[in-house]
Structures are given as structure tokens and as C-alpha cells.
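First comes the structure, then the notes that go with it.
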Amino acid sequence: MYQKLQLVFNQQLNRLYLPVLLTILDTFGTASIFGSVYYVLLHLIEGQFTSGTLKTTMFILGIGYVIRLLAVGFSQYLFQIRGAMLIRDARLNISNHLKELPLGYFSKESIGTIINTCTVDMTQAERVITHLIGDMLKVTFVTGYILIVSFLVEPKLALIQLILVMLSLPLIVWIGKLGEKGGLQKKVVVSDVLARVMEYIDGIRIFRSYNQTGMAFGRLNESFKRYRDESIHLEVKLVPLNFIFFIIIDFIVPIIFIAGSYMLLAGEIQMEAMVIFIIISLGVSTLFRPFSVLYTEYKVLSVTINHIVSLYEMDTAPYTKETADFPHYEIEFDHVQFAYEKGQPVLRDMSFAMLPNTMTALIGSSGSGKSTILNVLARFWDIDDGAIRIGGQNIQEIKPDALLEQMSIMFQNVYVLNDTILQNIIIGKPNATREEVEQACRRANCHDFIMKLEHGYDTVVGEGGSTLSGGEKQRISLARAFLKDAPIILLDEATASLDPYNEMGITEAVDELVEGKTVVVIAHKLNTIQHADQILLLENGTIRERGTHEELIALNDRYASMYHEQLEAKGWRLQV
Ligand SMILES: Nc1ncnc2c1ncn2[C@@H]1O[C@H](COP(=O)(O)OP(=O)(O)OP(=O)(O)O)[C@@H](O)[C@H]1O
Ligand SMILES: [Mg+2]
């Protein structure tokens, strides 16, 4: 557990040593209070309670209280403050780790599991360090002291008391195991609930348009019901066991009373020992009572810690070079094979080169593998066979972050953050000046429409860019890519949602970009890529045709017929 906690909290657990030490000190304070009660009782029973005894008791109590006051105060303060800092760092740590995981992980794993780990699990882990460690230490130490001291008072009764405590231990272990198992099942259900909620919110527009909100809500409701059943199931299993545990613990006092009485009558123990022991056994049963609940909580939370650890143990993309120093920016695909799912190849033995200062256009029918080429080039996924090189260096050797620094990417599915337009664009280059942002926006044909918005660049756009049109989002995303101004530019369907006027402006801007860069564009509209230095026509994960526009027209095959079809479609539209 310690190793796992160290992993989750970035080897920083030593920041908890001081509050742990203070908690142990606090247990001495608590023990001193019991000690003074013992001292007073002893003197009262022996009829020797004098003002001297009172002073000594007051002195012991005073010291005990001061120790407790300082130790409790500081330990709780430190557990809270340092715990919060550890959790903050752990959250940052896990986000960094998520960033480095291959995208394949996110498609395979339920998104609910990831959200669960980053939110619920982390909050529970925070509880472990801010409360649980301290509480468990207190209960264990104080009960331990009293059990030991009770042997000094009366060994036989102490043994009976110890046996009763020991009897409860297997029960605690059993309760803990059930708690752990239930916790595990509950985690699966919680992840499912989160995934369903996401699905419901994400798809609400589609569900509504097909009048299927009932069906979607049904799935969500099912998931909530499973969560409710699982929670009840766990409680129902734990309640009787906890009940038996409480009975054993509550029996300590009466059993000690009965056994003590017999021993007293038989003359085996003194009256003082009997009275004191009843007080001691009251202390043990009260102090030890919360242990089963705390231990169950510890076991349930250990599931949480394991959960977080398993996310850490996911392999990140390997690399040997921290930085990317490419002598030039020629991109080379050398017999590349790739499949998202085993046995379903998406790129088949693909070889081509994209030269610096040129633009390559990828075209082909939907699903032919165009976006996949960009995905593997950016190392969002690693290829299965062959090699991808930039400037002669295999990209598998380079740290993904460093590789991405060399690329400006515009994705097919544009994502806009719930923030101002300025913040949305400046992601591309966080230290950019406002002038640079505006310049990028002019090139991406979005400056004018942004200036017409109520607060211009400071207008806040809704989550996912819900207040912007498809074309506006696309141009914002393009401005982001322009602003980054990296040596490699990858644009996936940059003009898909644009009207002819904007399309022309963007096409010209992209044509200009080629100077000093390697540009890859994916396009469905063939008129936007006619000036490309190279056109690759993909079909089913292979390159079916390659060449310039003129060469492919002359070839008079697939590209030529696609081009003519699009021309005719345009003509038809113009005639209407
Ligand atoms: N994350 C993924 N997991 C599994 N399969 C995927 C994933 N992304 C794409 N695919 C599959 O890989 C194939 C190629 O997809 P890709 O996105 O590269 O096509 P595309 O040429 O960009 O198509 P489009 O023009 O529609 O954007 C498709 O069959 C698709 O279903
Ligand atoms: Mg695509």
C-alpha cells in the first residue's frame, strides 16, 4: 500500500511524516488521560486520596491536554494542508500521464472509468490522507497502550480482554474483504453511470431529433438502478457482520465484570483491580468500536488507490529523445502498417514522401485512412510495422510532446473550449501577442466575423463552441494552427464547412503557408487542392494514385472521374 501511495502521490509521502508523528504524540496525550483516571481511582479505593494526589493528577492531566492540544491542532492542520497539496500534485501528475497515453487507450477504456479515476477516486484518495491515516493510527495506538497497560494491572483479566479483542479480528478481516470486493463492483457501476450520463448529455440533440429521449433515459435509468442496487447490496452484506463485531466488543465490559466478580469472590484479585479493570474495559470497547468501520473504509479506499495506480501503470508511448532536432522536415512513410483493432488493417504497406516546402493533399473516400495518416504521424497512435521518419529520424524515438511542438494540426472534429475567442486561439502559441493572434485570424478569414461579435476577441463561446457555426469554428481552429506556425502543418478538412467565398480565402492562405514548411491537407473538395505539389489518392488503406493534378487528370482514372463528378455537381448547383 505504501508503495502504491508513493506512486499516486509522486514519491512525496514524506510530507506526511510530521503529521503522522504528531498523531502518535497525540495518542500519548490520550493515554495520559486514562493514566490519570487510573491514578485517581487507585488512590480513592485505597483511601489515600490527598491534595498531593490531586496536584499530581492535575499535573499529568495538564501535560496530557497541552500535548493533545498542540499535537491534534498541528497534525490536523498539516494533514489538511499537506494532503490538499499532495492531491493537487497527484491530479496534475495524472493529467500529465493521461496526456502521454496513446489515444488507443481512450477509445478502448470506458471514458467513465477515466472520469471516475480523476474525480471520485482522487477525492477518496484525499480522504485517505487527510482523515483515515490519522484516525486509524489513533485507534490502533491508544487501544494498544491500554491493552498492554492492563496486563500490568491484572494479567488474567487482561488476557480475557485480549482474547475478546482477538476474536473480533477475523471478523474485521472478513468485513474488510467484503468491503474491498463491494468497492470493486461499485467502481465498475459508477464508471458505467458516468459513461451513460456523458452519453445522454452528449447525444441529447440526436436523441431528441429522433424522438428517442425515452430510450436514452432508459439506459441511464438502468445504470442508476444498478448503482442503487450495488450500494444496497454492499450495505446489506456489511451490516450483520458489523453488528456481530459490535456485540463482541460490547460484551467486553460485562464479561470482564462477571469474570472479575468470580475472581474477586475466589480471592484471586483485589477490589481495586476489579474496579480499575471495569474502567479499562470500558475504554477498550469504546476506543476499539470504530475500528471495523475504519478498516472497511481503508479496504474500500485501497481499491481506489489500486484504480489510480492501474492508470499510472498504463504504458505511455516510448521514446529515447526528449527533444526533436530535425535537420529538415521531409516526411517519409516507409512500408507503414497500422490497425486500430487487431486484424482490421487501416494502413496497408504504405510508402510515400512529403518534401519540405511542398504541399501534399490526401484525398479518397470516407474511411480510406486519410485522418489515420495524420494520427500516426502525430504519434496519437503508434504504427504496427514499417517506419515514419521526419528529417531522416524515426518518430518513434522522439518524445510525443516534442514531436507535437513541430506540428500545427487542425483536426477534422474541431474542438472549441468554453472560453474567450482569444484564449481559444492563443492555445496555439501561449506567449503570442494580440497582434499575432489578429494576424493569424486575418489569414484564417475569421478576423472580420470576430470583430462583429459583441465583445470581439473577448467574446466567450459556449462549451464545444455551441454559440458558433460550423464554419466559424473551423476558421478559429485554423487560426490556432496558423498562429502556432510550426514547420509541419496538418490540416484535416480545413474547408469542409465553408462557403465558396471563405473557402477561396482559406485555400489561398494555405497555399502561402508552404513557404518554409511541409504542409499536408486532407480535402474532399478537389478544387481546393489543385495547386498541391503532390496528390495521394487513398483507397482502402493503400495509395491508388499519386501525382500532381495535371498528371492525375492525364491518367484519366479514379481522380479524373472524381474531379469531373465534382465539377458537374457544381455546375448543376449553379444552374438551379
Ligand atoms: N479510433 C478508431 N478506432 C477504431 N477504428 C477507427 C478509429 N478511427 C478510425 N477508424 C477506422 O479506420 C478507418 C479509416 O478511418 P479514417 O478516419 O482514417 O478515415 P478518413 O479517410 O479520414 O475518412 P473521412 O473522410 O470520413 O474522414 C475507418 O474504417 C474507421 O472506421
Ligand atoms: Mg477523416
Side-chain angles (χ1 to χ4, degrees), residues 98-114 195 198-199 202-203 314-315 317 331 333 336-352 354 359-386 388 395 400 407-415 470-471 473-474 477-478 481 488-498 503 506 510 519-529 532 534-546 552 558-559 561-563 565-566 569:
L98 280 175
K99 208 174 65 184
E100 289 182 9
L101 288 178
L103 283 190
Y105 170 76
F106 297 94
S107 57
K108 277 186 223 134
E109 282 291 303
S110 153
I111 195 84
T113 309
I114 298 171
M198 291 278 293
E199 176 191 82
D202 222 28
M314 293 297 305
D315 286 338
I331 300 169
F333 273 54
V336 169
Q337 309 255 20
F338 173 72
Y340 291 103
E341 308 284 344
K342 263 204 163 68
Q344 294 170 20
V346 175
L347 303 182
R348 302 159 196 261
D349 196 25
M350 215 172 240
S351 296
F352 56 83
M354 304 171 180
M359 182 207 285
T360 298
L362 302 177
I363 58 165
S365 53
S366 188
S368 55
K370 303 182 295 291
S371 298
T372 305
I373 287 185
L374 302 195
N375 281 338
V376 292
L377 182 54
R379 278 200 85 183
F380 293 140
W381 272 270
D382 273 339
I383 54 173
D384 303 322
D385 208 358
I388 301 174
I395 61 165
M407 299 177 181
S408 285
I409 310 178
M410 182 187 156
F411 297 100
Q412 193 168 12
N413 298 320
V414 173
Y415 190 75
K473 274 192 276 186
Q474 216 163 21
S477 164
L478 194 64
I488 295 171
I489 309 251
L490 310 176
L491 306 175
D492 198 345
E493 301 283 6
T495 58
S497 318
L498 300 185
E503 180 184 292
I506 300 284
V510 173
V519 181
V520 185
V521 296
I522 294 179
H524 267 120
K525 300 177 188 168
L526 301 187
N527 61 324
T528 59
I529 49 117
Q534 165 180 236
I535 298 171
L536 302 178
L537 193 156
L538 306 191
E539 195 173 88
N540 201 16
T542 55
I543 298 173
R544 176 167 164 166
E545 289 172 28
R546 65 179 86 194
L552 294 182
R558 185 88 183 96
Y559 177 84
S561 65
M562 275 168 74
Y563 183 72
E565 270 167 32
Q566 286 197 3

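This structure is a prediction, so every number in the text was calculated from the model and none was measured. Counting convention: from 1, in listed order, for ligands and their atoms alike. Just so you know, residue 1 is the first one in the sequence shown, and it goes up from there.
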Q) To the nearest 0.5 Å, what is the distance between CD1 (Ile529) and CD1 (Ile522)? A)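 Spacing of CD1 (Ile529) from CD1 (Ile522) equals 11.5 Å.
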
Q) Of Ile488, Ile489, Leu490, which is the lone residue that meets side-chain contact (heavy atoms from CB on, under 4.5 Å) with Ile409? A)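 One option only clears the test, and that one is Leu490.
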
Q: Using the side chain to side chain contact (heavy atoms under 4.5 Å, CB included) rule, take Phe333 and Ile373 through it: C-alpha gap first, then chi angles, then the decisive distance, then the call.
A: CA-CA 9 Å; Phe333 273 54; Ile373 287 185; 3.7 Å; yes

Any N/O pair [X]/ligand 1 closer than 3.5 Å:
| X | result |
| --- | --- |
| Gly369 | yes |
| Gly367 | yes |
| Glu341 | no |

Q. Counting no waters, how many protein N/O/S atoms sit under 2.8 Å from the Mg ion (ligand 2)?
A.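 Near the Mg ion (ligand 2), the number of protein N, O or S atoms below 2.8 Å is 2.
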
Q) How about Phe338 and Asn375: do any of their side-chain heavy atoms sit closer than 4.5 Å? A)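 In short, these two side chains do not touch, never coming nearer than 4.5 Å.
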
Identify all side-chain donor-acceptor contacts of residues 361-369 below 3.5 Å with residues at least two apart in sequence or on another chain.
residue : atom : partner : partner atom : Å
Ser368  : OG   : Ser365  : O            : 2.7

Q: Pick one of side chain, backbone, both or neither for how Phe338 approaches ligand 1, counting any non-hydrogen atom pair under 4.0 Å.
A: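 No part of Phe338 comes within reach of ligand 1.
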
Atoms of ligand 1, numbered as shown, that sit under 4.0 Å from any heavy atom of [X]:
| X | result |
| --- | --- |
| Trp381 | 1 (N) |
| His524 | 25 (O) |
| Ser366 | 23 (O), 24 (P), 25 (O), 26 (O) |
| Lys370 | 18 (O), 20 (P), 21 (O), 22 (O), 23 (O), 24 (P), 25 (O) |

Q.
For Ser368, state whether at least one heavy atom is located under 4.0 Å from any atom of ligand 1.
A.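 Flag set, Ser368 near ligand 1.
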
(Q) Which label fits Phe380 and Phe411: parallel for a plane angle under 30°, tilted from 30 to 60°, or perpendicular past 60°? (A)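 Geometry flag for Phe411 against Phe380: tilted rings.
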
Q) Using 30° and 60° as the class limits, which term best fits the ring planes of Tyr563 and Tyr559: parallel, tilted or perpendicular? A)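 Because their plane-to-plane angle is under 30°, the rings of Tyr563 and Tyr559 count as parallel.
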
Q | Heavy-atom nearest option to atom 18 (O) of ligand 1, drawn from Leu362, Thr372, Asn540, Ile522 | A |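 Shortest heavy-atom distance from atom 18 (O) of ligand 1: Thr372.
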
Q.
When you measure from the side chain of Glu545 to the backbone of Arg558, do you find a donor-acceptor pair of N or O atoms at a distance under 3.5 Å?
A.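 Yes; judged by distance alone, with no hydrogens or angles, the pair exists.
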
Q.
Whether the side chain of Asp384 engages the backbone of Ala339 through a donor-acceptor N/O pair (distance < 3.5 Å, no angle test) should be reported.
A.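 Confirmed, Asp384 side chain pairs with Ala339 backbone.
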
Q. Taking only residues two or more places apart in sequence, or in another chain, which ones meet Glu539 in a side-chain hydrogen bond (donor to acceptor under 3.5 Å, both in side chains)?
A.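 Listed in chain order: Arg544.
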
Q | Test side-chain hydrogen bond (donor to acceptor under 3.5 Å, both in side chains) applied to Glu493 - qualifying residues, sequence neighbours left out | A |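 Glu493: side-chain hydrogen bond (donor to acceptor under 3.5 Å, both in side chains) contacts with His524.
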
